[in-house]
Amino acid sequence: MITIALSKGRIFEETTPLLAAAGITPAEDPDSSRKLIIGTNREDVRLLIVRATDVPTYVQNGGADMGIAGKDVLVEHGGEGLYQPLDLNIAKCKMMVAVRDDFDYTGAARRGARLKVATKYVKIAREHFAEKGMHVDLIKLYGSMELAPLVGLADAIVDLVSTGGTLRANHLVAVEEIMPISSRLVVNQASLKLKRPQIQPIIDAFAAVVAEGK
Ligand code: ATP
Ligand code: MG
């Protein structure tokens with residue numbers, strides 16, 4: 001049995017064509033089903049529906065043989081013990097620093113001001129500002145980071161941006177790109193050794209779809 005860990009929503013949607021290329025069709029839509037383990041047309045393949053941030057943990061510990069996770073999640077997790085054979089080029093966006101549109105970020109950085117930065121991505125933010133030599137106080141949030149600068153909780157946020165629509169709607173602007181983000185395939189290293197005849201064709205099928213899109 002091959003178990004693939006996926007998160008609902010965006011990643012699941014963008015993974016469907018990849019799964020199809022590997023001859024895998026989910027038996028149910030996880031967005032409407034309450035099931036956490038979803039069968040497929042293939043008797044030897046099942047899908048685990050987990051929180052996006054939990055994908056690396058399931059795969060690392062063998063709760064799943066493989067999974068799909070955003071680079072944001074993988075960098076924040078550390079990715080220890082995970083084989084990452086493929087950038088799938090899906091769920092693309094950017095990790096960015098954003099501030100209120102009336103906040104002078106460049107000036108504050110130049111003056112060496114100590115900034116309060118709210119984010120779900122504490123590790124990425126810490127490393128980014130350390131590299132720039134900026135002193136920051138990090139505030140860990142679990143969602144809706146855009147709110148923090150509006151109520152004075154933070155001067156800046158570090159968050160994912162795709163169209164920028166959410167930032168604009170909240171009078172925020174992106175001032176710095178930290179890294180481009182897309183989702184990657186992750187594979188448990190022991191699974192790869194023990195189940196290579198089943199896993200390698202799935203990796204190859206995904207790779208073929210990614211190559212087509214380039
Ligand atoms: P929730 O939003 O329900 O709290 P989540 O943030 O864990 O859950 P998603 O928002 O579905 O889950 O994000 C899952 C992954 O999709 C992220 O880890 C990231 O890699 C990618 N992603 C997030 N936001 C965007 C975006 N705006 N555009 C493209 N990809 C994104
Ligand atoms: Mg989200």
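Both counts, for ligands and for their atoms, begin at 1 and track the order of listing. What you are looking at is a predicted structure, and each value in this text was computed from that prediction instead of being measured. For this chain, numbers begin at 1 and follow the sequence in order.
Interface atoms of ligand 1 facing K92, defined by a heavy-atom separation under 4.0 Å, are 28 (N), 29 (C). The atoms of ligand 1 that sit less than 4.0 Å from any heavy atom of V73 are 18 (O). Proximity to S162 (heavy-atom distance under 4.0 Å) selects the following atoms of ligand 1: 26 (C), 27 (N), 28 (N).
Proximity of T53 to ligand 1 is not established, as no heavy-atom distance is less than 4.0 Å.
In terms of hydrophobic clustering, with Ile, Leu, Val, Met, Phe, Trp and Tyr side chains grouped at heavy-atom distances under 4.5 Å, L48 and F206 are assigned to different clusters. The hydrophobic clustering, which links ILVMFWY residues whose side-chain heavy atoms are closer than 4.5 Å, places I178 and L74 apart. If you chain together hydrophobic residues whose side chains sit under 4.5 Å apart, V186 and V45 never meet in one group.
One option in D54, I11, L160 has a heavy atom closer to atom 15 (C) of ligand 1 than any other, and that option is I11. Looking at G70, A91, A52 and measuring to atom 14 (C) of ligand 1, the nearest heavy atom belongs to A52. The heavy atom nearest to atom 1 (P) of ligand 1, out of those in R51, R10, E14, K8, is found in R51.
At most 12 heavy atoms of other shown residues, nucleotides or ligands fall within 6.0 angstrom of atom NZ in K92.
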Extract all donor-acceptor atom pairs below 3.5 Å that involve side chains of residues 55-65 and protein atoms in other chains or at least two apart in sequence.
| from | atom 1 | to | atom 2 | distance (Å) |
| --- | --- | --- | --- | --- |
| Q60 | OE1 | H77 | NE2 | 3.3 |
| Q60 | NE2 | E80 | O | 2.9 |
| N61 | ND2 | T57 | O | 2.8 |
| D65 | OD1 | S191 | OG | 2.7 |
| D65 | OD1 | K195 | NZ | 3.0 |
| D65 | OD2 | T3 | N | 2.8 |
| D65 | OD2 | K195 | NZ | 3.1 |

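Screening residues 108-117 for salt bridge (Lys or Arg N to Asp or Glu O under 4.0 Å), with sequence neighbours left out, gives R114-D137.
Counting heavy atoms closer than 4.0 Å to ligand 1, residue K120 contributes side-chain atoms (C-beta onward) but none from N, CA, C or O.
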